[in-house]
Structure formats: C-alpha cells, structure tokens
Amino acid sequence: MAIVGKEAISALRGATQEGAGSSERSTFTSLKSGSTFLVKALPLENIAAYDSYGIFKKVNSFEAEKPSIKNARGYTTDELTPWDLASKYYQDKANELVEAGKSKEDAEVKPLRTKASEYRSKRKYIVPFIDLESGEVIYIDFTKNQAEAVISVIEKYEEKGRLETTPLELSKTGQKTDTKVSLTATFEEDLSETAAKNFKELTAENVTVNFEGLTFIADEKAQIESLLASGFDVSLIDLEAPAIDPTEAF
C-alpha cells in the first residue's frame, strides 16, 4: 500500500478538524513495547503525516516551520531547511568519494553516509484512536513502516464498512530496532463494561481530533541553533550562528 501521496492521508498542518479550540493542546500517548490498547479506529482522513528531524540523545525531534519540497520518493528537491543542507553536505562528500571509485562501505564513505542520515528528515505519521478504556482520543506517533502496518488494517475495515463495528487491539512487541506494531480485531463481548459502553457511544462523529501541540515547530533560527548543539559547523553550509539577544537573559 502506498502511504505517501495517498489522497486520504492529510498533511499535519490543516488536519485539525473544525471546532478544535486553538488553546487546546494535545499530547502523544506512548506505545511502549509490551503494551496493548483497546481502541476504536477512526477513518483514514484523520491521520496526519509530517517530516521529523532530530538526533537521538542530542537534539529532540522537531518539525520545520517551512517544510522543504520533496518528490514522490520523499527526497528533498527544493527550499531546503538548514538540516536538509547539513544532510546534503555529508551526502555530497560521500558521493564524491564513491564517484572516485570508493565503495559505499569504505571506511571514509560510511561515516559520511551515516552523518547524512542523521540530519535527514524522517517521515512519520500521527494516528489518532479512541481509547476504549479511558474514552479519550489518543495520538500515537509511528514511523513509516509502523504506520504502513497499522493503516493497512484501518483501510481494510473501512473499505468493508466495518470500522465502526470492530473493536481493535493496538500492540507493540520487541526491543530497540526489532519492534513490531500490530492492530488486530477483538470481540466486542470480551470488552469490559466501560470499554463496551465507550465502543457503542463514541464515534468519529462525536469526538474531536486535534493535532495542535503534538510536534515542536522550529523556525530557521531554532534549526540553526540545534545544528550547532549537535556539533555541526554551520559555516560549511554558508549559514551563521544567530546573534545573541542580550535582553533574553532578563
């Protein structure tokens, strides 16, 4: 199933449904390995996609205020962000060595390719569900591969007209890079009294999906500052460190 470019998948901006208060901010629910949520899935148009930047344990993830333009394969083609430029810097260096005859796995090339990957954006998906135990809308942040597994199930039940009538179990198993996310049907008669009540009463028509506050939006200044925090020399991509405002300390 093609995720990127699918008409039913909305971009993060503008995906908040009418009626969501601008002052209300949502938070992600952590889907930890070994955990399971009893949920009701919402139609595909409630899913949001965004491009995430960040480096594990160095720079917290963020979304660019002005996203770069990407082609159908997800590669940046125009209006590059500072982080896109940093990624391109390392990738260009790696390409030069490969063109000179070195292998992609060469000791000089591989670290450059790794650096390029660190600064490259990763497509992620926010999938909202109705948590049947709490009766609240929860928001789960998925990688592209995880999202494909989850969205294919939602798509199947939506096409069959059974999305409203099928309770589901959302689970995650495994550790580190060897994790698996699954979304499987369960029986309504096995639900607790509270979950069964929420399953019958809560629908896509009477809950509000609000993406406000889920991702940190970084402007160009903040992105350059985060590049510096990661140890990248921004002069390599013809950028300068933002001037320090002496009044910010007061």
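Along the sequence shown, residues are numbered consecutively beginning with 1.
- A donor-acceptor pair shorter than 3.5 Å cannot be found between the side chains of Ser117 and Tyr90.
- Nearest heavy atoms, Lys40 versus Leu202: NZ-O, 2.8 Å.
- No hydrogens or angles considered: nothing links the side chains of Asn210 and Thr208 as a donor-acceptor pair under 3.5 Å.
- Ser226 and Trp83 are linked by a side-chain donor-acceptor pair at a separation below 3.5 angstrom, with hydrogens and angles left out of the test.
- Connection of Leu236 to Val109 is established within a shared hydrophobic cluster, with ILVMFWY side chains joined at heavy-atom distances below 4.5 Å, either directly or through further cluster members.
- Between Asp78 and Lys70 there is no salt bridge, since no side-chain N of the basic residue sits under 4.0 Å from a carboxylate O of the acidic one.
- At least one side-chain heavy atom of Val234 sits less than 4.5 Å from a side-chain heavy atom of Leu228.
- Salt-bridge annotation for Lys102 and Glu108: present, with a side-chain N of the basic residue lying under 4.0 Å from a carboxylate O of the acidic one.
- Shown here are the salt bridge (charged side-chain N to carboxylate O under 4.0 Å, His left out) partners of Lys104, two or more places apart in sequence or in another chain: there are none.
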Chi angles and distances behind the ring pair (Phe, Tyr, Trp, His ring centres under 6.0 Å) call for Tyr53, Phe62 = CA-CA 5 Å; Tyr53 297 86; Phe62 66 88; 5.4 Å; yes

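- The cationic atom of Lys124 (NZ for Lys, CZ for Arg) does not lie both less than 6.0 Å from the six-membered ring centre of Tyr50 and within 45° of the ring axis.
- Side-chain N/O atoms of Ser68 and Asp84 include a donor and acceptor closer than 3.5 Å.
- Counting only heavy atoms from C-beta outward, the side chains of Thr165 and Tyr157 never approach each other to under 4.5 Å.
- Residues Glu193 and Lys197 are not paired through a salt bridge, judged by the lack of any N-O separation under 4.0 Å between the basic side chain and the carboxylate.
- Using modelled atom types, one finds no donor on one side chain facing an acceptor on the other under 3.5 Å when comparing Gln223 with Asp219.
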